Structure formats: C-alpha cells, structure tokens
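Here is the structure we will look at, set down as structure tokens.
Just so it is clear, the model here is predicted, and its values are computed rather than measured. Nothing fancy with the numbering, it's 1 onward along the sequence. These numbers come from the heavy atoms of this one structure, side chains and all, not from hydrogens, waters or symmetry mates.
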Amino acid sequence: MTECVLHERVGGVAVVTLNRPQSKNSLDAATVDALIGLFRGFRDDDTVRAVVLTGAGSDFCAGGDVKQMGQGGPRTPEQRRAGMGRYGDLAKAIASLDKPVIAAVDGVAYGGGLSLALLSDIVLVSDRARMAMVFHRIGLVPDIGSWYTLPRVVGLQRAKELVYSAREFGAAEALQMGLALEILPSAELLPRAMEMARSFEGAPATAMSLSKQALQASLQSDLNTMLDMEATAQAIAGGSDYARESVRRFAAREPAQFRWPGRNTTTTGNKQ
C-alpha cells in the first residue's frame, strides 16, 4: 500500500509530503498519525534544522477525509470528542516544534489543510492556490488549532468573516491578509521553500529555537514577561559557540554563517 505521508531528508531539511493525491491529500486517520509521529521525532533530532510541508500532485490538502467521517455509523458526542484528540495532538506536535516549518501550498488548501498551513512558520503559495475555512459548509467547526491560529495571523474580524462565510480565497488575497509570505508559479514553489529551508542549516540553532518559543508565547504575554524571557534567552544565546564564531567573523570581515535567500522578483512574478 502507498504510504500516506512521505518523508525525505535533504541535508538538514526534513521534507514531509502528504501523499494521497487521489483524494487531494485529504487527512485520514493514518495520515494524521503519521504526521504526529514525524513531527514529534523532529523535535528530538538535532540534525533536522527545518521542515518543509507540502502535498503530492497538484494540491496541498483538501482537509479531513469526509468519506471516512461517515463510516462506522452514528457516534455519541463523547466518542466524537475523544476522536478529536488526535487532531489536537497533531496541532501541538507542529506548534511545539522549535524549528522553522515552511508550508508550500499549491492548489487546494481547504479546512484542515488550511489549518496545517496556519500552524507553519512561513507559508508560500502558488499562484493557483485556493484556500477556504470550509468547515461550516458541512456543519462542522474549524479544527487542528485554527480557532487559535487564524485570528493571530489575519486579525479577529477577518478570521470571523473567513470562518462564518466558509468562502474560498486565492493567493493574492492570502498575501494581502498576511497569511502567505510569497506567491510563486507552481513550478517554483517547492524549490523556493527548499531554498529557504536549506538556508537555516547555517542559522544559529539555539537562537532560532529560543526566538520561536518566545514569539509563540508573545501574544499571550505582557511586556515585562517578554523582557525577562529576552534577558534569559540572550544570556543563553550569547554564550553559544555560534555567537562567538559570528563575532570573530564580523571582526575579521569574513562572510557571515547565515544569509537569508532573498527573492528574485523577476523570476517569482511578485512585485512589491
């Protein structure tokens, strides 16, 4: 049987591919379990410096497998609530990973598929991407953490509009809302995601981890708490071998260890 999730290593980058193209990479139980296992494993693997999440074929993810939802007959509210635990585990496994996660979204990202993208640190979309918080169309509510992530990405009023209406929106609107960082032609989407992810191989792992944890906490915190966290984190980061080597290189006018790959807008088609 074909694996529902593929995992490939390219240097320090873990490439995770949803692999059910016949159903637009919809999320069945096996896919959710596989994703949880992979992301939990990345947390303890120091050789993984970044993760790219993408979909096989021409789509990212159509959300939950609706056909599977109807199997097994009626369930009680208690059984349905217990079943949601795995979606919660998936959201926590991605959100708690202290390494950059880049979602490369091509084609459809509906429902739980959009929720997966929202859990990522950086979202790149193709110029043919189509997204929707589609849950209300089938009488359900947003899941995989999107009640939490969506308002933090697009603002509360826009989040309400997207959830209430369940409408579709495209790449340009995703960029305008701040949900997507860049729009690229489909053929350039994964290469750009990999270019970004590979750049993190030269980034300071300790500082990256500390910054991601702090940024995740910032919207539920206050200035004094964040200043205290900042002081502790800087004391840790400043004592790292990476920081010492960076200072030496700066003084010696040598190339920096980390350089972010800028965009060539003539090839991506994006103009700012």
Side-chain angles (χ1 to χ4, degrees), residues 5-18 35-55 60-61 90-106 109 113-126 129 144-146 148-150 152-153 174-175 178-184 188-219 226 229-230 233-234 236-237 240 242-243 246 256-263 268 270:
V5 178
L6 303 178
H7 171 215
E8 178 187 6
R9 286 293 299 274
V10 181
V13 178
V15 183
V16 177
T17 304
L18 303 172
L35 288 171
I36 292 169
L38 283 171
F39 276 90
R40 285 177 175 172
F42 298 151
R43 185 172 53 204
D44 300 321
D45 188 345
D46 292 339
T47 67
V48 174
R49 302 299 301 277
V51 179
V52 170
L53 179 61
T54 189
F60 181 69
C61 176
L90 175 56
K92 288 182 279 190
I94 298 175
S96 65
L97 183 65
D98 61 346
K99 301 166 186 181
V101 179
I102 301 172
V105 177
D106 192 17
L114 182 52
S115 299
L116 289 180
L118 288 164
L119 286 163
S120 304
D121 298 287
I122 294 172
V123 179
L124 306 179
V125 298
S126 76
I144 317 183
S146 53
Y148 176 88
T149 56
L150 186 63
R152 285 163 171 77
V153 173
L175 185 70
L179 193 154
L181 183 67
E182 296 179 11
I183 304 172
L184 300 108
E188 297 176 20
L189 181 64
L190 188 56
R192 175 59 172 161
M194 291 301 300
E195 180 185 33
M196 284 186 177
R198 291 299 300 267
S199 77
F200 289 121
E201 293 176 332
T206 298
M208 290 288 298
S209 173
L210 291 166
S211 287
K212 180 166 181 177
Q213 292 177 61
L215 289 167
Q216 297 277 65
S218 64
L219 292 179
M226 294 310 299
M229 185 180 293
E230 171 189 299
Q234 199 71 294
I236 295 169
S240 67
Y242 190 102
S246 294
Q257 299 179 82
F258 171 58
R259 185 177 296 276
W260 181 251
R263 266 191 310 177
T268 63
N270 297 319

Specify the closest pair of heavy atoms between [X] and [Y], including all atoms of both residues, with the distance to one decimal.
{"X": "A50", "Y": "A197", "value": "CB-O, 3.9 Å"}
{"X": "A104", "Y": "F60", "value": "O-CD1, 3.5 Å"}
{"X": "A91", "Y": "G145", "value": "CB-N, 4.2 Å"}
{"X": "E201", "Y": "V13", "value": "OE2-N, 4.0 Å"}
{"X": "L90", "Y": "L35", "value": "CD1-CB, 3.6 Å"}

(message) Does D44 have more than 12 heavy atoms from other residues, nucleotides or ligands lying within 6.0 Å of its CG?
(response) yes
(request) Any chance you could measure T54, atom OG1, to L6, atom CG, to the nearest 0.5 Å? (result) 10.5 Å
(message) Quick check for you: to the nearest 0.5 Å, what is the distance between L18 atom CG and L53 atom CG?
(response) 5.5 Å
Any [X] side-chain heavy atom under 4.5 Å of [Y] side chain:
{"X": "V52", "Y": "V16", "answer": "no"}
{"X": "T17", "Y": "V15", "answer": "yes"}
{"X": "M196", "Y": "P100", "answer": "no"}

Under the rule for side-chain hydrogen bond (donor to acceptor under 3.5 Å, both in side chains), what residues qualify as partners of [X], not counting sequence neighbours?
{"X": "Q257", "value": "S246"}
{"X": "R49", "value": "none"}
{"X": "Q234", "value": "none"}
{"X": "Q216", "value": "none"}

Counting only pairs under 3.5 Å, give me each side-chain donor-acceptor contact of residues 113-126, with atom names and distances, residues two or more places apart or in other chains.
residue: S115; atom: OG; partner: G111; partner atom: O; Å: 3.3
residue: S115; atom: OG; partner: D143; partner atom: O; Å: 2.9
residue: S115; atom: OG; partner: S146; partner atom: OG; Å: 3.2
residue: S120; atom: OG; partner: L116; partner atom: O; Å: 3.3
residue: S120; atom: OG; partner: A117; partner atom: O; Å: 3.4
residue: D121; atom: OD1; partner: K212; partner atom: NZ; Å: 3.4
residue: D121; atom: OD2; partner: V101; partner atom: N; Å: 2.7
residue: D121; atom: OD2; partner: K212; partner atom: NZ; Å: 2.8
residue: S126; atom: OG; partner: D106; partner atom: OD1; Å: 2.6
residue: S126; atom: OG; partner: R128; partner atom: N; Å: 3.3
residue: S126; atom: OG; partner: A129; partner atom: N; Å: 3.3

(message) For F200, give me all partners under ring-ring contact (aromatic ring centres under 6.0 Å, His included), at least two apart in sequence or on another chain.
(response) W260
(request) Using side-chain contact (heavy atoms from CB on, under 4.5 Å) as the criterion, list what pairs up with A214, not counting sequence neighbours. (result)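 So A214 forms a side-chain contact (heavy atoms from CB on, under 4.5 Å) with M226, M229.
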(message) For S240, give me all partners under side-chain contact (heavy atoms from CB on, under 4.5 Å), at least two apart in sequence or on another chain.
(response)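 S240: side-chain contact (heavy atoms from CB on, under 4.5 Å) contacts with Y242, A243.
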Taking salt bridge (Lys or Arg N to Asp or Glu O under 4.0 Å) as the definition, give me every residue that meets it alongside [X], ordered by chain and number, with sequence neighbours left out.
{"X": "R40", "value": "none"}
{"X": "E230", "value": "none"}
{"X": "D98", "value": "none"}

(request) Would you check if there is a donor-acceptor pair between the side chains of S199 and E195 at a distance under 3.5 Å? (result) no
(request) Quick one: which residue pairs count as a ring pair (Phe, Tyr, Trp, His ring centres under 6.0 Å) with a foot in residues 36-55, not counting sequence neighbours? (result) H7-F42, F39-F42
(message) Using a 3.5 Å distance criterion without hydrogens, assess whether the side chain of K99 forms a donor-acceptor pair with backbone atoms of V51.
(response)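 No, the answer is negative, given that no donor and acceptor are paired below the 3.5 Å cut-off.
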